[in-house]
Trainee: 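To start, I am sharing the structure in question, which I have written as structure tokens.
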Amino acid sequence: MRAEEKEYKRVNLDSIKHSKPHYLMETGGNSLPSGPDGVKRKVLYFYDPEVGNYYYGQGHPMKPHRIRMTHALLAHYGLLQHMQVHKPVPARDRDLCRFHADDYVNFLHNVTPETQQDQLRQLKRFNVGEDCPVFDGLFSFCQTYAGGSIGGAVKLNHGFCDIAINWAGGLHHAKKCEASGFCYVNDIVLAILELLKQHQRVLYVDIDIHHGDGVEEAFYTTDRVMTVSFHKFGDYFPGTGDIRDIGYSKGKYYSLNVPLDDGIDDEGYHYLFKPIISKVMEVFRPGAVVLQCGADSLSGDRLGCFNLSIKGHAECVKFMRSFNVPLLLLGGGGYTIRNVARCWCYETGVALGVEVDDKMPQHEYYEYFGPDYTLHVSPSNMENKNSRQLLLEIRNKLLDNLSKLEHAPSVQFQERQPDTELTEADEDQDDGDERWNSDSDMDIDEDRKLIIPSRVKREVIEPETKDPVCSMEVQIGTIEQTRGFDTATNETGVDVSPMPIDVPTVKVE
């Protein structure tokens with residue numbers, strides 16, 4: 001056996017130790033008590049029963065209905081009784097404007113399927129219309145999923161839970177001034193900005209098959225947020241996420257990209273994930289972690305090309321949970337919706353420390369899961385194009401980058417602004433650069449049971465002509481990401497001069 005093969009098989013145990021280090025006591029009382037990972041966590045779960053009614057349109061692969069399917073599984077497996085269930089308070093315009101441009105938010109607020117033909121210039125300007133269509137209730141949908149992520153961050157900040165879950169969130173492609181990749185509002189950036197009010201450093205980890213470009217771009221020039229994305233790289237949407245994209249200015253080495261090829265399996269994925277994340281936790285020492293759990297990295301996803309099992313995907317959740325740091329779990333991609341529901345149900349159990357049976361209980365969407373009616377599905381026999389030598393080189397390169405980081409970067413404190421107050425209402429337990437091919441066939445079982453909702457009725461409150469709070473608390477420009485280690489073409493990044501996100505503030509030189 002060659003040396004690199006031995007190295008691949010033998011993950012250095014020292015590199016993946018994750019005993020609870022002393023720094024976890026420095027997070028302002030929000031860290032979990034040390035002890036075995038089997039310790040129960042206080043979990044808070046956000047769910048709006050109307051979320052499954054939103055409909056992107058016929059043939060579109062993004063189906064919010066998957067969130068309702070996930071919830072049904074959680075209910076029938078008895079997991080809801082082990083956690084607090086909250087209906088998210090819709091995010092307000094001013095909340096969205098903490099990252100997004102006010103004119104973009106106003107556009108989302110006002111555009112409808114009936115009026116879009118009168119706004120063709122704005123549709124093009126904000127990249128709305130094809131991958132990101134205008135549909136009934138669009139802005140309410142954005143308010144709902146963003147409200148869950150912001151609310152989860154608020155609850156974590158106040159110590160009301162150890163883990164917060166919002167499977168409707170995780171829409172990581174949205175930019176400051178435009179929609180992208182089925183994403184309109186970047187709830188992840190908004191949640192991280194909320195967490196920065198309480199925590200000096202926040203770690204973002206993305207296991208969606210697509211690069212988390214919107215989040216990386218937002219924090220590309222700061223050392224207060226580290227972004228780590230594991231994704232398919234090459235001729236694939238969004239085309240970013242080269243291993244050489246490492247951040248800029250104060251953010252240099254605080255963006256980590258793990259580019260993978262088709263067919264990556266559980267063993268290869270964790271050969272990279274565990275040592276890299278362990279080193280990040282050791283060096284960066286975050287006060288809170290946001291984990292985007294996009295399920296399109298599962299085997300058999302309609303738009304994906306990885307070969308992870310549900311247990312392999314969930315192992316990332318289990319591993320992040322083991323560090324006993326406040327954790328926000330978000331959804332993301334996932335287009336074979338029966339497997340998305342399976343995955344997020346199982347990962348909710350992982351968050352709770354509850355092992356769920358493989359045999360699925362009877363419930364209203366039971367027919368989706370035939371013919372086996374089990375929670376887990378076997379990976380396929382697809383070719384793994386990630387050679388052992390390639391994975392070893394990626395691992396060594398990223399661990400070398402991490403060795404160049406300053407341990408636990410210091411943060412300048414300023415006068416503290418009041419925390420966001422969100423009163424949550426308890427919910428009764430009840431192939432190429434194109435993002436997708438609209439002509440592709442849907443999975444038969446998904447079409448057969450798809451519920452096409454009637455138009456979503458909402459009371460629309462007309463926005464004021466000028467919201468003084470909606471004045472860009474965060475100025476985040478477009479980062480023309482460099483393909484090298486030492487140069488960049490744009491220093492805009494996070495402009496903190498007008499950014500009262502509570503102290504500590506992000507400061508960029």
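The basis for the numbers below is simple: all heavy atoms, side chains too, and nothing from hydrogens, waters or symmetry mates.
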Trainee: Quick check: do Val340 and Met69 have side-chain heavy atoms less than 4.5 Å from each other?
Mentor: no
Trainee: Drop me the distance from Phe107's CZ to Phe139's CZ, to the nearest 0.5 angstrom.
Mentor: 12.0 Å
Trainee: Checking side-chain contact (heavy atoms from CB on, under 4.5 Å) against Gln116, which of Val111, Val128, Leu138 comes through?
Mentor: Val111
Trainee: Are Ile165 and Trp344 close enough, and set up right, to give a side-chain contact (heavy atoms from CB on, under 4.5 Å), and what steps lead you there?
Mentor: CA-CA 10 Å; Ile165 300 174; Trp344 291 345; over 6 Å; no
Trainee: How far apart are the closest heavy atoms of Asp261 and Phe306, and which atoms are they?
Mentor: O-CE2, 3.5 Å
Trainee: Verify salt bridge (Lys or Arg N to Asp or Glu O under 4.0 Å) between Asp103 and Arg125, making sure each step is shown before the conclusion.
Mentor: CA-CA 11 Å; Asp103 54 352; Arg125 174 186 174 192; 2.4 Å; yes
Trainee: When you measure from the side chain of Thr222 to the backbone of Arg224, do you find a donor-acceptor pair of N or O atoms at a distance under 3.5 Å?
Mentor: yes
Trainee: Does any non-hydrogen side-chain atom of Leu303 lie less than 4.5 Å from one of Phe237?
Mentor: no
Trainee: Tell me, do Phe284 and Tyr253 make a side-chain contact under 4.5 Å, heavy atoms counted?
Mentor: no
Trainee: If you round to the nearest 0.5 Å, how far is OG of Ser140 from CG of Leu108?
Mentor: 11.5 Å
Trainee: Shortest non-hydrogen contact from Leu291 to Cys316?
Mentor: CD2-O, 4.2 Å
Trainee: With heavy-atom distances below 4.5 Å as the criterion, would you say the side chains of Asn157 and Leu195 are in contact?
Mentor: yes
Trainee: Could you tell me whether a side-chain N or O of Asp131 sits under 3.5 Å from a main-chain N or O of Gly181, the two making a donor and an acceptor?
Mentor: no
Trainee: Any side-chain donor-acceptor pair under 3.5 Å between Asp213 and His172?
Mentor: no
Trainee: Are the aromatic ring centres of Tyr55 and Phe135 under 6.0 angstrom apart?
Mentor: no
Trainee: I'd like to know whether the aromatic ring centres of Phe182 and His60 sit less than 6.0 Å apart in this structure.
Mentor: yes
Trainee: Examine the side chains of Asn324 and Arg41 and answer whether a donor and an acceptor come within less than 3.5 Å of each other.
Mentor: yes
Trainee: Does Ile207 offer a backbone N or O that forms a donor-acceptor pair with the side chain of Ser297 under 3.5 Å?
Mentor: yes
Trainee: Which pair of non-hydrogen atoms, one from Gly214 and one from Val189, has the smallest distance, and what is that distance?
Mentor: O-CG2, 4.2 Å
Trainee: Under 3.5 Å, is there a donor-acceptor pair between the side chain of Asn110 and the main chain of Asn106?
Mentor: yes
Trainee: Tell me yes or no: between the side chains of Ser229 and Asn257, is some donor less than 3.5 Å from an acceptor?
Mentor: no
Trainee: Side chain of Trp167, backbone of Arg66: donor and acceptor closer than 3.5 Å?
Mentor: no
Trainee: Return the SG to CD1 distance between Cys343 and Ile337, rounded to the nearest 0.5 Å.
Mentor: 14.0 Å
Trainee: When Asn186 is tested against each of Lys176, His100, Lys175, Glu217 for side-chain contact (heavy atoms from CB on, under 4.5 Å), which residue passes?
Mentor: His100
Trainee: Among Gln122, Gln117, Lys124, find the residue that satisfies the side-chain contact (heavy atoms from CB on, under 4.5 Å) test when tested with Leu120.
Mentor: Gln117
Trainee: Does either side chain, that of Gln143 or that of Asp95, offer a donor lying less than 3.5 Å from an acceptor on the other one?
Mentor: no
Trainee: Give a yes or no answer on whether the side chain of Glu347 reaches the backbone of Ala314 with a donor-acceptor pair at less than 3.5 Å.
Mentor: yes
Trainee: The test is side-chain contact (heavy atoms from CB on, under 4.5 Å); show your working for Val290 and Ile192 and say whether it passes.
Mentor: CA-CA 8 Å; Val290 179; Ile192 291 173; 4.0 Å; yes
Trainee: As an exercise, state the distance from CG of Leu402 to OH of Tyr254, rounded to the nearest 0.5 Å.
Mentor: 10.0 Å
Trainee: Looking at Phe233 and Gly239, what are the two nearest heavy atoms and their distance?
Mentor: CE1-O, 4.0 Å
Trainee: Could you please spell out the steps behind the salt bridge (Lys or Arg N to Asp or Glu O under 4.0 Å) verdict for Lys279 and Glu282?
Mentor: CA-CA 5 Å; Lys279 189 65 175 178; Glu282 174 192 336; 3.7 Å; yes
Trainee: Indicate yes or no: at least one non-hydrogen side-chain atom of Tyr204 is less than 4.5 angstrom from one of Met226.
Mentor: no
Trainee: CZ of Arg92 to NE2 of His109: how many Å apart, nearest 0.5 Å?
Mentor: 13.5 Å
Trainee: Could you list the residues that satisfy salt bridge (charged side-chain N to carboxylate O under 4.0 Å, His left out) with Asp400, not counting sequence neighbours?
Mentor: Lys404
Trainee: For the residue pair His231 / Asp206, report whether a side-chain donor-acceptor contact shorter than 3.5 Å exists.
Mentor: no
Trainee: Is there a donor-acceptor pair under 3.5 Å between the side chain of Asn339 and the backbone N or O of Asp301?
Mentor: no
Trainee: Hey, does the side chain of Asp48 reach the backbone of Lys87 with a donor-acceptor pair shorter than 3.5 angstrom?
Mentor: no
Trainee: Closest heavy-atom contact between Val51 and Ala168?
Mentor: CG2-CB, 4.3 Å
Trainee: Considering all heavy atoms of both residues, which atom of Lys155 and which atom of Phe46 are nearest to each other, and what is their separation?
Mentor: CG-CZ, 4.2 Å
Trainee: Quick one: does any side-chain atom of Ser149 pair with a main-chain N or O of Ala146 as donor and acceptor, under 3.5 Å?
Mentor: no
Trainee: Go through the steps for Leu44 and Ile163 under the test side-chain contact (heavy atoms from CB on, under 4.5 Å), then give the verdict.
Mentor: CA-CA 6 Å; Leu44 196 151; Ile163 300 174; over 6 Å; no
Trainee: Tell me, please, which residues at least two apart from Tyr104 pass side-chain hydrogen bond (donor to acceptor under 3.5 Å, both in side chains).
Mentor: none
Trainee: Strictly by modelled atom types, are His313 and Tyr269 linked by a side-chain donor-acceptor pair under 3.5 Å?
Mentor: no
Trainee: Under the side-chain contact (heavy atoms from CB on, under 4.5 Å) criterion, do Ile243 and Leu398 qualify, and how do the steps go?
Mentor: CA-CA 8 Å; Ile243 195 172; Leu398 293 174; 3.9 Å; yes
Trainee: So do the side chains of Tyr56 and Phe141 get within less than 4.5 Å of each other, counting heavy atoms only?
Mentor: yes
Trainee: Rounded to the nearest 0.5 Å, how far apart are SG of Cys132 and CG of Asn127?
Mentor: 6.0 Å
Trainee: With heavy-atom distances below 4.5 Å as the criterion, would you say the side chains of Phe219 and Leu193 are in contact?
Mentor: yes
Trainee: Tell me yes or no: between the side chains of Thr240 and His211, is some donor less than 3.5 Å from an acceptor?
Mentor: yes
Trainee: Can you check whether Leu171's main-chain N or O pairs, donor with acceptor, with Asp187's side chain at less than 3.5 Å?
Mentor: yes
Trainee: Under 4.5 Å between any side-chain heavy atoms of Pro259 and Phe230, yes or no?
Mentor: no
